[in-house]
Amino acid sequence: MLGSLLLACSRSPLARRAVSGFPPTRTVVDRFVAGEATEDAVAATRRLTGSGLAVTIDHLGEEVRDTGAAIGATKAYVALLEALRPLGLGPRAEVSVKLSAVGQALDHAMALDHARQICAAARDCGSTVTLDMEDHTTVDSTLEVLRTLREDFPETGVALQAYLFRTEADCRDLAGSRVRLVKGAYREPASVAHQSKSDVDRAYVRCLRVLMAGTGYPMVATHDDRLIAIAELLADRHGRGRDGYELQMLYGIRADKQAALAEAGSRVRVYVPYGDDWYGYFVRRLAERPANVAFFLRALRGK
Ligand code: FDA
């Protein structure tokens, strides 16, 4: 109930203005977001890669409604990748791109062109791109952009959301490539997505089975211990070594677990968001867990 309300707020301009303008919010945002500038993302990358983790960096922003903002987001990614290149961080640091941030809602061809520029900059620094997945209305368009990008950049990955009914079939189509499997973070209707946690978890396992049996590179993105254990078992069953798949978690969430998994020899990648347009991302993180809302409310009360 609270989760649904928060997910509705994640798209409300009124709630955005109220929350973004409230000074104590910043303390809580800093737990989930690495900072606002390119240098902040680079600093977080150096710190995390220095402790044995890999990263995927997200320049925050989504649903841009004008060409200038889409160009701005593209330039931010290119500048970030150029900053990583002399430091030799490309191979341990990839980028995650929301197509809606580079113009998907305005013009499909523009979003493709911007994504292509980011893929080219990533390749120049020995890095890769993974396309994030947004609400269900964008999935076909995102997969179409992916297909075209992969003609020149076959290393490009994509996130698929286990809560969508269609995803098991999408996993079959993409089981030969880099796929990040997530549960799904948007408010979706019962006509297209599982609604209960147990149904989503079961769907996640079905998708994992498909990806682990395939020839691609599964990226298991979850903080859920049970699903991580199942992924490890399935990887083992399919003869995948520790370098045949990876685990992924979000910046600021279960950092101890991230370090422990890496210490034990797993490949672990942290999703590092940065930038000033943090509202939608932040509210989705609150919606995932009541404890995060309590943390937020305590900060608002100055405690
Ligand atoms: P679940 O929410 O069931 O949590 C399992 C356990 O993890 C909880 O019991 C708790 O212990 C811990 N936990 C989970 N969330 C927490 C939080 N916010 N704070 C503290 N503890 C928490 N979604 C999407 O729709 N499109 C995308 O492209 C992506 N990309 C993406 C990349 C990466 C690397 C990750 C890890 C996640 C995404 N997501 C995403 C988000 C994803 O869909 C999902 O909303 C979150 O990962 C939370 O789901 P879990 O699988 O962690 O399980």
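As the structure is a prediction and not an experimental result, all values here were calculated from the model. The figures that follow rest on heavy atoms only: side chains count, while hydrogens, waters and symmetry mates do not. Both counts, for ligands and for their atoms, begin at 1 and track the order of listing.
Contact of the Val129 side chain with the Glu94 side chain is not registered, since no non-hydrogen atoms from C-beta on lie closer than 4.5 Å.
With no hydrogens or angles considered, a side-chain donor-acceptor pair links Ser100 and Glu134 at under 3.5 Å. Side chains of Thr137 and Asp135: a donor-acceptor N/O pair is present below 3.5 angstrom, by distance only. Under 3.5 Å, the side chains of Thr142 and Gln104 contain a donor-acceptor pair of N or O atoms. In summary, the side chains of Ser96 and Arg180 do present a donor paired with an acceptor at a separation below 3.5 Å, with no hydrogens or angles considered. Side-chain atoms of Thr167 and Gln161 form no donor-acceptor pair, as typed in the model, at a separation below 3.5 Å.
The shortest heavy-atom distance from Lys197 to ligand 1 is under 4.0 Å.
Between Arg180, Met219, Met133, it is Met133 that holds the heavy atom closest to atom 24 (C) of ligand 1. Nearest to atom 12 (C) of ligand 1 by heavy atom, out of Arg269, Met249, His223, is His223. Looking at Glu188, Glu288, Lys183, it is Lys183 that brings a heavy atom closest to atom 4 (O) of ligand 1.
Closest to atom 9 (O) of ligand 1 among all protein heavy atoms lies Arg289 NE, 4.9 Å. For atom 29 (C) of ligand 1, the closest heavy atom belonging to the protein is Val182 CG1, 3.8 Å. Atom 37 (C) of ligand 1 has its closest protein heavy atom at Leu250 CD2, 3.7 Å.
Contact annotation for atom 18 (N) of ligand 1: protein present (non-hydrogen atoms, distance under 4.0 Å). When distances from atom 2 (O) of ligand 1 to the protein are checked, no heavy atom turns up under 4.0 Å.
By the criterion of a heavy-atom distance under 4.0 Å, neither the backbone nor the side chain of Tyr204 is placed next to ligand 1. At a heavy-atom distance under 4.0 Å, only side-chain atoms of Ile253, from C-beta outward, approach ligand 1.
The aromatic rings of Tyr281 and Tyr271 sit parallel, their planes meeting at an angle under 30°, below the 60° perpendicular limit.
Ligand-side atoms of ligand 1 in range of Asp132: 28 (O), range being under 4.0 angstrom from any heavy atom.
Here's the thing with Ala185: one of its N/O atoms is less than 3.5 angstrom from an N/O atom of ligand 1.
For CD of Glu263, the number of neighbouring non-hydrogen atoms (other residues, nucleotides, ligands) closer than 6.0 Å is 12 at most.
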